[in-house]
Structure formats: structure tokens, C-alpha cells
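Here is the naming used below: chain letters follow the sequence lines, and residue numbers restart at 1 for every chain.
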There are 2 protein chains.
Amino acid sequence: MQIAELEQRTGVNRHTLRYYEKAGLLQEVERRGNNYRDYPEKAVERVAMVRQLKALGFSLREIREVLDALRSDSIDCEQGAVLMAEKKAAVDDKIRELKQVSALLGREQQRLEDSAAALREEGRCKG
Amino acid sequence: MQIAELEQRTGVNRHTLRYYEKAGLLQEVERRGNNYRDYPEKAVERVAMVRQLKALGFSLREIREVLDALRSDSIDCEQGAVLMAEKKAAVDDKIRELKQVSALLGREQQRLEDSAAALREEGRCKG
DNA sequence: CTAAAGGGTAGAGTATGCTCTAAGGTCAAC
DNA sequence: GTTGACCTTAGAGCATACTCTACCCTTTAG
Ligand SMILES: [Zn+2]
Ligand SMILES: [Zn+2]
Ligand SMILES: [Zn+2]
Ligand SMILES: [Zn+2]
């Protein structure tokens with residue numbers, strides 16, 4: 001498919017798609033005789049994955065490392081497994097910390113709700 | 001305390017500390033007669049929280065919103081509770097997605113390990 | 001043939017979040 | 001009173017990740 005279709009199907013700006021390609025995030029981008037890019041179907045999925053990981057806070061560099069390892073044999077299997085384990089550990093650590101943040105936000109939400117209720121019912125503010 | 005101490009105790013560059021203050025992330029920063037900043041003890045904790053949230057992928061703007069609400073009564077209690085609920089929902093969504101990523105990375109790690117083992121034992125590569 | 005739509009590259013511009021430099025004021029020690 | 005450590009502001013510079021402009025080529029439709 002041409003870049004316009006990929007842009008339309010992923011919602012990602014074509015300049016950004018070219019930028020991702022230059023950054024090594026999109027490989028297997030063929031060129032037609034006229035030098036136009038010709039993306040495979042799975043590029044849609046690939047771009048979606050990049051965007052999801054990006055939204056979760058991964059840098060393009062990190063995303064590239066993971067995608068490279070997923071496309072195994074680009075590097076050694078054993079080395080790839082180590083990289084995956086490292087990334088997984090980082091993600092799991094992040095999950096743990098986010099759970100703490102979630103709990104904190106939940107407590108604060110409760111506190112503010114209680115305070116708002118007290119304000120309504122007793123005309124005073126506790127928080 | 002003066003900026004050098006806060007810098008030393010938090011490990012955050014003094015330029016960054018001033019930048020955070022300008023961005024509204026650090027309030028209650030007094031000035032001494034000589035115009036030097038005078039931070040309260042809890043600024044250490046505050047900066048640590050900013051750094052943690054930042055490392056988890058929050059933008060400074062988001063961090064500011066949360067900290068403002070935590071310092072309640074700066075905005076309405078009810079409104080603060082709503083903001084907390086929204087932030088918590090976003091964090092929980094992020095946790096769910098990160099769990100999916102963690103599972104994916106775990107599967108890939110296993111696949112690559114299996115492949116590496118097969119390569120060692122049978123002289124072939126499956127992945 | 002020509003216009004319009006779509007593609008290409010190179011490079012400029014923008015937003016965020018630092019990080020550092022320049023120029024100068026303050027203060028304690030000697 | 002001079003040195004040196006510490007502070008101030010303003011603004012430059014940098015990395016990341018886009019986003020857009022300029023300018024030119026290709027394809028398709030009339
Ligand atoms: Zn941690
Ligand atoms: Zn209140
Ligand atoms: Zn989601
Ligand atoms: Zn292999």
C-alpha cells in the first residue's frame with residue numbers, strides 16, 4: 001500500500017511514518033519503480049504497536065530494540081532472550097510503581113469526596 | 001534550605017529545580033532578604049514525587065495538575081475528586097496495557113530461550 | 001498537453017524538558 | 001578589600017519526537 005493509505009489506516013502523519021522508517025522502526029518497506037514506498041499489510045499492525053508502546057512511555061530507541069528482537073535472528077537468540085527479560089523486568093517494575101500511584105490517587109479521591117460530602121452536609125470543609 | 005542542598009539531596013540539577021518552580025511544580029519557595037531561595041524540608045519529598053511521576057511517563061503538566069489537587073482547596077474538593085478519579089482511571093488503563101506488554105515480552109523471551117536451547121542441543125535454530 | 005492528486009527528499013520549525021553559559025549580586029573567610 | 005563559594009536572572013543550546021514547508025517528480029483524468 002502507498003503512504004496515504006497507511007496514514008489513513010493508522011491515523012499517523014505521513015511525515016511521522018517516514019521519520020519512523022528512518023529511525024529503523026519500520027523495515028520491509030519496498031519501493032516501486034517510481035520510488036514510491038510500498039508497505040506490506042502488516043505495517044498497519046506494526047505502526048499500531050509502535051504507537052501503543054510510545055503511549056506507554058517507551059522511547060523510539062527502546063521500541064526499536066524490542067521490535068528488532070521480536071523480529072528474531074536479527075540478533076542472537078540468547079542475546080534476544082536477555083533483552084526481552086530486561087525489558088520485561090523494567091515493565092514489571094513500572095507496573096508496580098504505577099499501582100502505588102493508583103492507590104495514592106484512590107486515597108486522595110476518597111479524601112476529597114469525603115471532604116466535599118462534609119461540606120455539603122455540615123457546611124464545613126475538612127480537606 | 002538553599003538550592004545547593006536541595007540539589008544535593010535530590011540529585012536534581014539546580015537549573016531543573018528553578019525550571020520546575022517556574023512550571024508551577026514547586027510552590028512555597030520563600031526568598032531570603034538577599035533574594036536567595038529558601039526551600040522547606042518537604043521540598044525534598046516533593047521533588048522526589050515529581051521525579052517518580054515523570055519516570056512513570058507523566059508530563060510536567062499532568063504532574064502539576066495532580067500536585068495541585070493533592071494540595072487540596074487550591075481547587076474545589078468535588079472538582080479535585082473528579083480529577084483524581086480521572087487520573088486514576090488513566091493510570092489503571094496504563095497498568096492494564098503494560099501487563100499485556102509484559103506478557104508479550106515474557107512469551108517472546110521464552111520463545112527465544114527455547115530457540116537458543118534447540119540451537120545448542122540440536123544444532124538448529126527455530127527462532 | 002495540462003491540471004490535480006499523490007509521492008519523494010531535505011531541511012526548517014515546534015513543543016517539551018532539561019542543561020548550561022553569561023553577567024552580575026551576596027557573603028564568609030582571611 | 002579581595003578571593004572564592006554561592007546565589008540570581010536571562011537566554012542559548014541540546015535531545016527527542018514530531019510536523020510542516022519547499023521544491024521537484026509521477027500518475028491519472030479530462
Ligand atoms: Zn523502581
Ligand atoms: Zn475543601
Ligand atoms: Zn487504553
Ligand atoms: Zn535464532
Side-chain angles (χ1 to χ4, degrees), chain A residues 1-41 43-44 46-68 87 90 94 101, chain B residues 1-41 43-44 46-68 87 90 94 101:
Chain A
M1 80 188 72
Q2 289 192 181
I3 201 165
E5 188 183 338
L6 187 60
E7 174 178 46
Q8 187 266 311
R9 286 172 63 182
T10 60
V12 176
N13 188 302
R14 71 184 55 200
H15 299 285
T16 305
L17 292 174
R18 295 195 192 103
Y19 176 78
Y20 283 171
E21 184 181 342
K22 224 189 244 175
L25 293 169
L26 301 178
Q27 293 176 337
E28 295 150 29
V29 180
E30 305 288 308
R31 291 299 180 119
R32 304 231 279 250
N34 56 16
N35 197 34
Y36 286 13
R37 286 175 178 80
D38 190 4
Y39 298 94
E41 271 301 310
V44 176
R46 183 70 158 249
V47 171
M49 177 134 190
V50 170
R51 298 301 277 198
Q52 194 201 2
L53 291 175
K54 234 229 75 198
L56 291 174
F58 292 85
S59 69
L60 296 191
R61 178 186 237 292
E62 286 175 313
I63 294 170
R64 184 190 168 164
E65 286 171 6
V66 172
L67 292 184
D68 279 356
K87 294 293 179 195
K94 202 164 183 169
V101 171
Chain B
M1 79 189 72
Q2 289 194 180
I3 200 164
E5 188 182 338
L6 187 61
E7 174 178 47
Q8 188 267 311
R9 286 172 64 181
T10 61
V12 175
N13 188 302
R14 69 183 58 198
H15 299 284
T16 305
L17 293 174
R18 295 195 192 103
Y19 176 78
Y20 284 171
E21 185 181 341
K22 227 191 241 175
L25 293 169
L26 301 179
Q27 294 176 338
E28 297 152 25
V29 180
E30 305 287 308
R31 292 298 181 121
R32 303 231 279 247
N34 55 16
N35 197 34
Y36 287 14
R37 288 175 178 79
D38 190 5
Y39 298 94
E41 271 302 309
V44 176
R46 183 70 157 250
V47 171
M49 177 134 191
V50 170
R51 298 301 277 198
Q52 193 199 1
L53 291 175
K54 235 231 74 199
L56 291 173
F58 292 85
S59 68
L60 296 191
R61 178 188 236 292
E62 288 176 312
I63 295 170
R64 187 193 164 159
E65 285 170 7
V66 172
L67 292 185
D68 279 356
K87 295 293 179 196
K94 201 163 183 171
V101 171

Q: Could you state the atom-to-atom distance from CD of B/Glu21 to C1' of D/dT9 in whole Å?
A: 12 Å
Q) Between D/dC6, C/dG8, C/dG17, which nucleotide gets closest to the side-chain atoms of A/Ile3? A) C/dG8
Q | A/Gln8 CD - C/dG6 P separation (whole Å) | A | 12 Å
Q: Would you kindly compare A/Thr16 and A/Gly33 by the position of their nearest DNA chain D nucleotide and give the one closer to the 5′ end?
A: A/Thr16
Q: Quick one: label A/Arg31 by what it contacts on the DNA or RNA (base, sugar-phosphate, nothing), any heavy atom closer than 4.0 Å.
A: sugar-phosphate
**Q.** Residue A/His15, side-chain atoms from C-beta onward, closest of D/dT19, C/dG8, D/dC6
**A.** D/dT19
Q. When you check the phosphate oxygens OP1 and OP2 of D/dT9, does a side-chain N or O of B/Lys22 lie under 4.0 Å from one of them?
A. no
Q) Quick one: does NZ or CZ of B/Lys94 land under 6.0 Å from the six-membered ring centre of B/Phe58, within 45 degrees of the ring axis? A) yes
Q. Given D/dC25, is OP1 or OP2 found less than 4.0 Å from the side-chain N or O atoms of A/Tyr36?
A. no
Q) Does the side chain of A/Arg51 get closer than 4.0 angstrom to OP1 or OP2 of D/dA17 through an N or O atom? A) no
Q. Between D/dT16 atom C1' and A/Phe58 atom CZ, what is the distance in whole Å?
A. 17 Å
(Q) Without decimals, in angstroms, what is the distance between B/Asp38 CG and D/dC7 P? (A) 11 Å
Q | N/O (side chain, B/Asn13) to phosphate O (OP1/OP2, C/dC20) under 4.0 Å | A | yes
Q: Check whether any side-chain N or O of A/Asn34 sits under 4.0 Å from OP1 or OP2 of D/dT27, and answer yes or no.
A: yes
Q. Between B/Glu5 and A/Leu60, who's closer to the 5' end of DNA chain D by nearest nucleotide?
A. B/Glu5
Q: Round to a whole Å and report the spacing from CG of A/Leu6 to P of C/dG7.
A: 11 Å
Q. Given C/dG7, is OP1 or OP2 found less than 4.0 Å from the side-chain N or O atoms of A/Gln2?
A. yes
**Q.** Euclidean distance, atom OH of residue B/Tyr39 to atom C1' of D/dC6 [Å, nearest integer]
**A.** 13 Å
**Q.** Atom-pair distance (CE on A/Met1; C1' on C/dG7), nearest Å
**A.** 16 Å
Q) Quick one: is D/dC7 close enough that its OP1 or OP2 comes under 4.0 Å of any side-chain N or O from B/Arg37? A) no
Q.
Does B/Arg18 reach a base, just sugar-phosphate, or nothing at all? Heavy atoms under 4.0 Å.
A. base
Q: Hey, could you give me the CZ/CG distance between A/Arg18 and A/Asn13, rounded to the nearest 0.5 Å?
A: 8.5 Å
Q: Verify the distance criterion only: is there a donor paired with an acceptor across the side chains of B/Tyr39 and B/Arg9 at less than 3.5 Å?
A: no
Q: Establish, with yes or no, whether the OP1 or OP2 oxygen of C/dT16 is under 4.0 angstrom from a side-chain nitrogen or oxygen of B/Lys54.
A: no
**Q.** B/Arg14 and B/Tyr19: CA distance, side-chain angles, deciding distance, side-chain hydrogen bond (donor to acceptor under 3.5 Å, both in side chains) verdict
**A.** CA-CA 8 Å; B/Arg14 69 183 58 198; B/Tyr19 176 78; over 6 Å; no
Q. Whole-Å distance between D/dC7 P and B/Arg32 CZ?
A. 9 Å
**Q.** Closest to side chain of A/Tyr19, choosing from C/dG6, C/dC18, D/dA17
**A.** D/dA17
Q. If only atom types and distance count, is the side chain of B/Arg31 paired as donor or acceptor with the main-chain N or O of B/Asn35 below 3.5 Å?
A. yes
Q.
Of the listed nucleotides (D/dC7, D/dA17, C/dG6), which one gets closest to any side-chain atom of A/Arg14?
A. C/dG6
Q.
If we ignore hydrogens and angles and just use 3.5 Å, is the side chain of A/Glu5 paired with the main-chain N or O of A/Gln2 as donor and acceptor?
A. no
